[in-house]
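Computed from a prediction, not measured in an experiment: that's the story for all the values here. Values below: every heavy atom of this structure, side chains too, minus hydrogens, waters and symmetry copies.
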Amino acid sequence: MLSKNKIKYIHSLELKKNRKEECVFVAEGPKLVEELINHFACRLLLSTPNWLKQHPHLNAQEIIEVTSEELTRASLLKTPQEVLAVFVQPNEESVTNHANQGLCLALDDIQDPGNLGTIIRIADWFGIEHIYCSLNTVDVYNPKVVQATMGALARVKIHYVDLPSFITTLPTNTPVYGTFLDGNNMYEESLSPNGIIVMGNEGNGISDNVSKLINQRLYIPNFPKDRPTSESLNVATATAIICAEFRRRLT
């Protein structure tokens, strides 16, 4: 039986300070839990009998069989989906420069959980294994971020750094790309297979402190060029377009 204290504990993990103190995060739904359970230690798993029957060999510290009603009370979602897991956050690794070995993303104060989760999923799709987030970027273990990654969190490493300081430590020949409305048409520019692509805040774009460190300014052109259009693209959408073009150049 699921206790009130367990339900209270799970709901407390909506808050960043509690997740940080406990070093855990919540994931819900069969697909997401199945993606993550082989990559992160599982502290607590709640599941309906049917899902447990289909997964008899689970590696979890504590497993509680619950009814649909109990899962609804524990869930952070409007529509619970068979299983909820509390995973242990991985130990923070020392920040290493991966930009010379391949393509990386840097996120400058992304605030929307859905955007961050989608960008992680995009990075996974395009084989980008490292994302450097500014210290003010939304917490990657926010439940909404975790849900939006659709399991990509298992394969993409997220590093929180002082972004301007990190970029200044890169070798001087490292390509540092950024998207700007006054940048150069990305389809006409030379793009490298390595480096960092910086994506800016939803409302303010790339901050001045980071902007001055970018050595390749890009622009995603609208079509046709002289047609009145939206002021800008959603940051996750822009990330997908940019990443697709970088990868296309490698084919």
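Annotation: side chain of Trp51 is in contact with side chain of Val33 (closest heavy-atom distance under 4.5 Å). For the pair Tyr160/Ile158, a side-chain contact is recorded, criterion being any heavy-atom separation below 4.5 Å from C-beta on. The closest side-chain heavy-atom distance from His98 to Tyr132 is below 4.5 Å. By the 4.5 Å heavy-atom criterion applied to side chains, Glu35 and Met150 are not counted as neighbours.
With Val156 as the fixed residue, the side-chain contact (heavy atoms from CB on, under 4.5 Å) test singles out one of Ile120, Ile128, Ile119, Leu105: Ile120.
Considering all non-hydrogen atoms of both residues, Pro164 and Val210 come closest at CG-CG2, 3.9 Å. Minimum interatomic distance between Leu84 and Ala74 (heavy atoms only, all atoms of both residues): CD1-O, 4.0 Å. Of all heavy-atom pairs spanning Gln111 and Asn136, the tightest one is NE2-O, 2.7 Å. Residue Ile110 comes nearest to Met199 through the heavy atom pair CD1-O, 4.4 Å, listed as atom of the first residue, atom of the second, then distance.
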Passes side chain to side chain donor-acceptor pair (under 3.5 Å), Ser192 versus Tyr177? Steps please. CA-CA 10 Å; Ser192 67; Tyr177 298 92; 3.0 Å; yes
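Glu245 places no side-chain N or O within 3.5 Å of a backbone atom of Ile242 that could act as its donor or acceptor partner. Checked by atom type and distance alone, the side chain of Thr237 never pairs as donor or acceptor with a backbone atom of Leu233 at under 3.5 Å. The backbone N or O of Leu13 lies less than 3.5 Å from no partner atom in the side chain of Asn18, so there is not a single donor-acceptor pair. The closest donor-acceptor contact from the side chain of Thr72 to the backbone of Ser68 lies under 3.5 Å.
Atom CG of Leu135 has more than 12 neighbouring heavy atoms from other residues, nucleotides or ligands inside a 6.0 Å radius. Counting heavy atoms of neighbouring residues, nucleotides and ligands inside a 6.0 Å radius, atom CD of Glu129 does not exceed 12 of them. When the shell of 6.0 Å around CG of Asn173 is examined, it contains more than 12 heavy atoms from other residues, nucleotides or ligands.
Here Leu218 contributes atom CG and Ile197 contributes atom CD1; the two are 8.0 Å apart, rounded to the nearest 0.5 Å.
Pairs passing the salt bridge (Lys or Arg N to Asp or Glu O under 4.0 Å) check and including a residue from residues 198-221, sequence neighbours excluded, read Asp182-Arg217. Within the structure, no pair that satisfies the salt bridge (Lys or Arg N to Asp or Glu O under 4.0 Å) test touches residues 99-122, not counting sequence neighbours.
Side chains of Asn222 and Tyr219: a donor-acceptor N/O pair is present below 3.5 angstrom, by distance only.
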Below 3.5 Å, can you tabulate the donor-acceptor pairs from side chains in residues 23-30 to any protein atom, sequence neighbours excluded?
{"residue": "Glu28", "atom": "OE1", "partner": "Ser75", "partner atom": "OG", "Å": "2.6"}
{"residue": "Glu28", "atom": "OE2", "partner": "Ser75", "partner atom": "OG", "Å": "3.4"}
{"residue": "Glu28", "atom": "OE2", "partner": "Leu76", "partner atom": "N", "Å": "2.9"}

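A salt bridge does not link Lys31 with Glu34: none of the charged nitrogens is closer than 4.0 Å to a carboxylate oxygen.
Outside the 6.0 Å centre-distance limit, the rings of Phe126 and Phe246 are not counted as a close aromatic pair.
Criterion: ILVMFWY side-chain heavy atoms under 4.5 Å apart, direct or through other members. Under it, Val176 and Leu103 are not part of a common hydrophobic cluster.
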